[in-house]
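All remarks here apply to the structure that follows.
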Amino acid sequence: MESREPLKDFTVGSLPTLFYIPNFISESEESQLLHQIYHAPKSKWKALKNRRLQNWGGVVHEKGLLPQDLPPWLTAVTQRISEQTGLFPSPINHVLINEYLPDQGIMPHQDGPAYFPVVAILSLGSSVAMNFTPHQRLRDYTNEEISAAKGSNSDEGGTEIDTNIFLKEVTSRQMDDHQPFSILLMPRSLLVFKDMAYSDYLHGIEDTNIHSLDKVVNVSEALNHREQDNPLSSEEKEKTEDIEKHRSIHRTSTRVSLTCRSVLKVHRNLFKF
Ligand SMILES: O=C(O)CCC(=O)C(=O)O
Ligand SMILES: [Fe+2]
């Protein structure tokens, strides 16, 4: 990997600020993480309506983080994420662990304002498609551009052809860049996104046990990745073939994800909030 843009080779889809790294961790690292997660005190689990989660690193408030040290089993992985991505301005100090049963998901959302706008999501256990949807601000912006193009045609006496070209450009940019798309997240992969992919798109996971590959932009990166010294097990091979054949993922087991972020404003003292 090049030092200045270590993730350059891992972009998928048409946004330059979204990266998918297959097999970021090994199978044994995955098992160790799952072991730690499922051996954490029961009280660490918080039940939401449609999934469970563990919060590590402290409490995030609108104004910042009331910190709690991450345990060593988490810093081992967050330090590696930080070093290998080169995108976090300060150590990752907050990790949300989400657990999803096969029919559970997370509604389309944008991450809260307390976080630095880079997120790394490590997937464990099972695969899902994560949907990215451009949100209103972006759609309005392109609509404004279209109106502006129409306006400039009448005001400045531009020809019909000029307007058509501009409209075509706006439309194709919309088609290329600002359309909903999905990312297939395989177990042990790392998804990283920032900037536009972070702030102009909502991300979410459908709460259904079948996820279509129709809008997935990283099918080959996700399914055809082979480590030469670590070939797929026969079970994994079968699963991959099934996904390819049916152009969908049939979710049958639990997925656990680690959402790793930095909160820049850290409050050491509750009373200074
Ligand atoms: O589980 C995931 O992959 C996504 C989690 C997420 O978006 C979040 O915690 O903000
Ligand atoms: Fe999120």
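Side chains included, hydrogens not; waters and symmetry mates left out as well; all remaining heavy atoms used. Every value quoted in this text rests on a predicted model; they were computed, and no experiment measured them. Order of appearance sets the numbers: ligands from 1, and atoms from 1 within every ligand.
Applying the side chain to side chain donor-acceptor pair (under 3.5 Å) rule to pairs touching residues 64-73 yields nothing, sequence neighbours excluded.
A 4.5 Å side-chain heavy-atom check between Phe10 and Val192 finds every atom pair outside the cut-off. At a threshold of 4.5 Å between non-hydrogen side-chain atoms, the residues Leu190 and Gln84 do not count as touching. The shortest side-chain heavy-atom distance between Leu15 and Phe181 falls under the 4.5 Å cut-off.
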Give the intermediate values and the outcome of ring pair (Phe, Tyr, Trp, His ring centres under 6.0 Å) for residues Tyr201 and Phe193. CA-CA 11 Å; Tyr201 286 76; Phe193 58 95; 9.4 Å; no
Any chance you could lay out the side-chain contact (heavy atoms from CB on, under 4.5 Å) test for Ile81 and Phe24, step after step, and finish with the verdict? CA-CA 9 Å; Ile81 290 173; Phe24 184 77; 3.6 Å; yes
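In this structure Asn209 satisfies the side-chain contact (heavy atoms from CB on, under 4.5 Å) test together with Pro102, His250, Arg251, sequence neighbours excluded.
With 3.5 Å as the limit, one finds a donor-acceptor pair spanning the side chains of Ser182 and Asn131.
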Check each N or O atom of ligand 1 against all protein N or O atoms and list the pairs under 3.5 Å, with atom names and distances to 0.1 Å, one per line.
| residue | atom | partner | partner atom | Å |
| --- | --- | --- | --- | --- |
| ligand 1 | 1 (O) | Tyr100 | OH | 2.6 |
| ligand 1 | 1 (O) | Arg255 | NH1 | 3.2 |
| ligand 1 | 1 (O) | Ser257 | OG | 2.6 |
| ligand 1 | 3 (O) | Arg255 | NH1 | 3.2 |
| ligand 1 | 3 (O) | Arg255 | NH2 | 2.8 |
| ligand 1 | 7 (O) | His109 | NE2 | 3.1 |
| ligand 1 | 7 (O) | His203 | NE2 | 3.1 |
| ligand 1 | 9 (O) | Asn98 | ND2 | 3.2 |
| ligand 1 | 9 (O) | Thr259 | OG1 | 3.3 |
| ligand 1 | 10 (O) | His109 | NE2 | 3.1 |
| ligand 1 | 10 (O) | Asp111 | OD1 | 3.2 |

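Protein atoms of type N/O/S that fall under 2.8 Å from the Fe ion (ligand 2) number 3 in this view.
Checking side-chain atoms of Ser262 against main-chain N and O of Phe116 turns up no donor-acceptor pair under 3.5 Å.
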